[in-house]
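Heads up: the structure comes next, in C-alpha cells.
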Protein chains: 2
Amino acid sequence: MTTIHDVARHAGVSAATVSRVLNGHRTVDETLAGRVRAAATELGYSPNILARNLRKSQTNLWAVIISDVNNPFFTSLVRGVEDVGQQAGYSVLLCNSDENPDKEASYITAVLAQQIAGVIISPSSRPDNMAQLVEGSRAVVTIDREVQEVETDAVLVDNERGAQAATAHLIEQGYSRIACITGPRKVSTATSRLRGYRQALRDAGRTFDTNLVRYSDFRETGGREAMADLLDSGARPDAVFATNNLMTVGALETLAERGLGIPDPVGVVGFDELPWAELVRPSLSTVAQPTYEVGRTAAQLLLKRLENPDERFTVITLPTTLNIRDSSRR
Amino acid sequence: MTTIHDVARHAGVSAATVSRVLNGHRTVDETLAGRVRAAATELGYSPNILARNLRKSQTNLWAVIISDVNNPFFTSLVRGVEDVGQQAGYSVLLCNSDENPDKEASYITAVLAQQIAGVIISPSSRPDNMAQLVEGSRAVVTIDREVQEVETDAVLVDNERGAQAATAHLIEQGYSRIACITGPRKVSTATSRLRGYRQALRDAGRTFDTNLVRYSDFRETGGREAMADLLDSGARPDAVFATNNLMTVGALETLAERGLGIPDPVGVVGFDELPWAELVRPSLSTVAQPTYEVGRTAAQLLLKRLENPDERFTVITLPTTLNIRDSSRR
DNA sequence: CTGTTAGCGCGTTCAT
DNA sequence: ATGAACGCGCTAACAG
C-alpha cells in the first residue's frame, strides 16, 4: 500500500504538500503540483479513506432509513438518492426500520456511531428518535412523513391534494358510500391523506362517516383485515380509497375472496403506484407519487446542507398524479 | 467525546486494558474488567469506529452489489442479508450496478477503497471485474449467477431444474409450440434456464426449435420486444416461458396489446415470483425462488468466511418451487 | 495478567 | 508557498 509519504518522497516534496495538492488547495505552485500528480499516478497511489475518515471525524457515507425495503415506493426512492450520492462521491447505506421504532432507534445509534455524513429518513412514529438523530448528526433530510417536533430539510408530496383528487373522482363516478383505509394515526401521511378524503366529501356536500374509516398499519395484512372489517361491520361501502399501495393490495385480496367485483359493486383507488398496476385486472387506479424524484431531491438537499450547514431549512412538496384506470371507472 | 483514555483514567487502569475488556479478550482479571465496564457505562463511552477501522485496516461494512434495486427479487434478498449482517454488527451498503459492467467496476473500486469487510455480489457479465474484487477483498460471496473464471463461496438456485419443471408443465397442459425468452448469453442464469427448457423438450420427445428462442436483457422492455418479435416472426408460439420476472411482465404487456388471451391461445410461465402474482389476471404461474433465504444463506457464508478465511469454498444450491396458477392452466 | 510504547495514514496547525 | 511536527482514537507487540 503506497501512502502519501511515498508519493512525497517520489516527487521530492513533503507529505503536507501532497495532501494539499490532492485536496485541491490552490496555494501550491503549479510545477510542484504537477510533479505530485505525476508521482501519484506513477505509484498508483490511492488515498486511504479510513485514515481520512478518522482525521476528519466523518465518513463519506450516507444512510437512508426507510420503513420497508420491499415496498417499491422506497426502492425507487433509494435509487434516486443513490444516483445523486454516487455522483458526489458518497456511498449509500440502506437501513430498513420495518415500521418498528425500536429497530429505527438501533439504526440511529449505529448511524451516529459510524459518523455518517448525511442521513435521509422516513421517520417512524417516535419523535424522540428524530430528535436524537438531528441532535447528533450533521445533516438530516426528512422524506415522505412530517415530524412536528423536529425541524429539518424535507421532501414531501402533496398528500392531502392527492387524496382529495382520488376521493373526488370516486364521487364523480357516482359512488355514494366511499370508505377510507388509512395508516397509523401518528403517521403524517396517514392523517394528511385522510384529511384530503374528508375535504373531498365536504366539497361535495357529503357527510363524513367514521363508520367508513379504518386505521390500519400500511401493510398488506392490515389492508386485508380493514377491508374485511368494513364489509362485515354493516357500513356497506361501495368504494374504497386505500392510502398506500400495500393496503390497497390487501383490500383487493379481500374483495376477490368475497367474490365482489371491481369496479362494480365496489370501486377502488389506491395511493402509491403499484409496479405493474396495468397488469392487475381490473387495472388499478392510483394516486402516483414521483418516487424517484423524491429521492433525488432529498439527496440534493443533503448535498446543499453538507456544503452549507447554517442555511435555513428547505421544505419541498412535490405534486402527485391521479391515474384513472379501470378499478374506479363504471 | 469520551475516549478510551478517559475510561482508563476513571477506572484506574491503562488504555490497553480497557481495549481488551471491550473487545472481549479473556485475559483480564474479573475485578479490573468490572471496574472498566462500570467506568465505561458511567461515562457513556462508545468506541470510535473510525479509529478502530483505521487501526484494523477494515470497516464493519458489507456491500451488496446487485443488478437492479427495483427488482423485487433483489430487494427481498437484500433484506435477508441485512437481517443477518445487522445481527452480527455489520451495516450493509447497497450498490446498484444496473446490469452495467462499468457501473459494477466503479462500485468494485469503491468497495476496495473503502476496505469493506465483505461483499455479496450478483456478478455482471464481465469476469475480470470479479477477478479484481476477489483479488482485493477479504471475503466475497457470489449469489444468483455463476462465474466460471473465479472461485468463491456461492449461493445459487437450481435454475435448470426449475426451468425444466416449468416447461414440462406447459407440455403437460398440451401446449405444443412453447417459446422461451431468456437473458443475455453470458449470464449463467440465462443459459441454465434455457438448458432446463431444452431438457424438458427433449424428455418429451419434442424438437428444440431455435426459432422459438429469444435472447433478451432481463428487463421489461426486453421481454416486451422479444414477445413481439416471436409473434411477428412467424414462429407461432402457443406458450411462452420467460426466464425472469421483468421479462415476463413485458411479455404479458405485449400479449395484452395484441389482444391475445391467456392461457388461451397463449400460455405463460415466468421465472421469479412477482410480488402480487395473485392479483394479476389471469394469475401468473411462476417458478419461485427462495429469495430471502438466498440472502440469509449468503450472509451466513460471508460470516463464516470472515471468521475462517482459509476454509474451502462452499457452494449452496437452493431449490425452486413451481407455482401453477391460471396463466398456464387450460 | 497488565502497562508502556508505537504506529495505522491522513490533514492541519505553526513556523519559516 | 512549503515543510516539520502533531494528533485523531484505537489496537497490537513487547516487556515486565
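Residue numbers begin at 1 in each chain, while the letters A, B, ... track the order of the sequences. Here the structure is a predicted model, which is why all the values come from computation and not from measurement.
Applying a 4.0 Å cut-off to non-hydrogen atoms, the residues of residues 32-44 of chain A that approach DNA chain D are A:Leu32, listed by residue number.
In this structure, B:Asn23 reaches the sugar-phosphate backbone alone: every heavy-atom distance under 4.0 Å involves primed, P, OP1 or OP2 atoms, never a base. The residue B:Ser57 sits apart from the nucleic acid: no heavy atom pair falls under 4.0 Å.
Remark: A:Glu151 does not engage A:Arg312 in a salt bridge, criterion side-chain N to carboxylate O under 4.0 Å. Between B:Glu293 and B:Arg79 there is no salt bridge, since none of the side-chain N atoms of the basic residue sits less than 4.0 Å from a carboxylate O of the acidic one.
As rounded to whole Å, 13 Å separates atom C1' of C:dG9 from atom CG of B:Asn53. Rounded to whole Å, the distance from CG on B:Asp6 to P on D:dC8 is 11 Å. Between the CG atom of A:Asn48 and the C1' atom of C:dG7 there is a distance of 13 Å, rounded to whole Å. One can place CD1 of B:Ile4 at 15 Å from C1' of C:dA6, the figure rounded to the nearest angstrom. The CD-P distance, from B:Gln58 to C:dG9, rounds to 15 Å in whole Å. Going from atom CZ of A:Arg9 over to atom C1' of D:dG3 covers 15 Å, rounded to whole Å. A straight line from NE2 of A:His25 to P of C:dT13 spans 10 Å, rounded to a whole angstrom. If you measure from atom CG of A:Leu50 to atom P of C:dG11, you get 13 Å, rounded to the nearest angstrom.
With C:dC10, D:dG9, C:dG3 as the candidates, the nucleotide lying closest to the side chain of A:Tyr45 is C:dC10. Relative to the side chain of B:His5, the nucleotides C:dG3, D:dC10, C:dG9 differ in distance, and D:dC10 lies closest.
Side-chain atoms of B:Ser188 come within 3.5 Å of backbone N or O of B:Glu146 as a donor-acceptor pair. The main-chain N or O of A:Leu77 is never found under 3.5 Å from a side-chain atom of A:Thr291 such that the two would form a donor-acceptor pair.
Residues B:Arg20 and A:Thr3 each lie close to DNA chain C; by heavy-atom proximity, the contact nearer the 5' end of the strand is made by B:Arg20. When each of B:Lys56 and B:Thr17 is assigned the nucleotide of DNA chain C bearing its nearest heavy atom, the one mapping closer to the 5' terminus is B:Thr17. Nearest-nucleotide mapping onto DNA chain D: of A:Asp29 and B:Leu54, the residue sitting toward the 5' end is A:Asp29.
Considering only residues two or more places apart in sequence or on other chains, B:Ala113 meets the side-chain contact (heavy atoms from CB on, under 4.5 Å) condition with A:Ile49.
Scanning both residues, A:Leu303 and A:Trp62, for their nearest heavy atoms gives CD2-CZ2, 3.7 Å.
Of the side-chain N and O atoms in A:Thr27, none sit less than 4.0 angstrom from OP1 or OP2 of D:dA1. Within the 4.0 Å cut-off from OP1 or OP2 of D:dA4, not a single side-chain nitrogen or oxygen of A:Ser14 is found.
Looking at A:Arg305, A:Lys304, A:Glu311 one by one, the single match for side-chain hydrogen bond (donor to acceptor under 3.5 Å, both in side chains) with A:Asn308 turns out to be A:Glu311. Of the candidates B:Arg52, B:Gln114, B:Arg138, B:Arg138 is the only one forming a side-chain hydrogen bond (donor to acceptor under 3.5 Å, both in side chains) with B:Gln58.
Counted within 6.0 Å of NZ on B:Lys56, heavy atoms from surrounding residues, nucleotides or ligands total 12 or fewer; the atom is thus considered open.
A:Arg55 contributes no side-chain N or O that forms a donor-acceptor pair with the base of D:dG9 under 3.5 Å.
No side-chain donor from either of B:Gln115 and B:Thr59 sits under 3.5 Å from a side-chain acceptor of the other.
Annotation: the terminal axes of the helix from C:dC1-D:dG16 to C:dT16-D:dA1 meet at 40°, where each axis is the rotation carrying the C1' atoms of four end pairs onto the next four (5 pairs per end, rounded to 10°).
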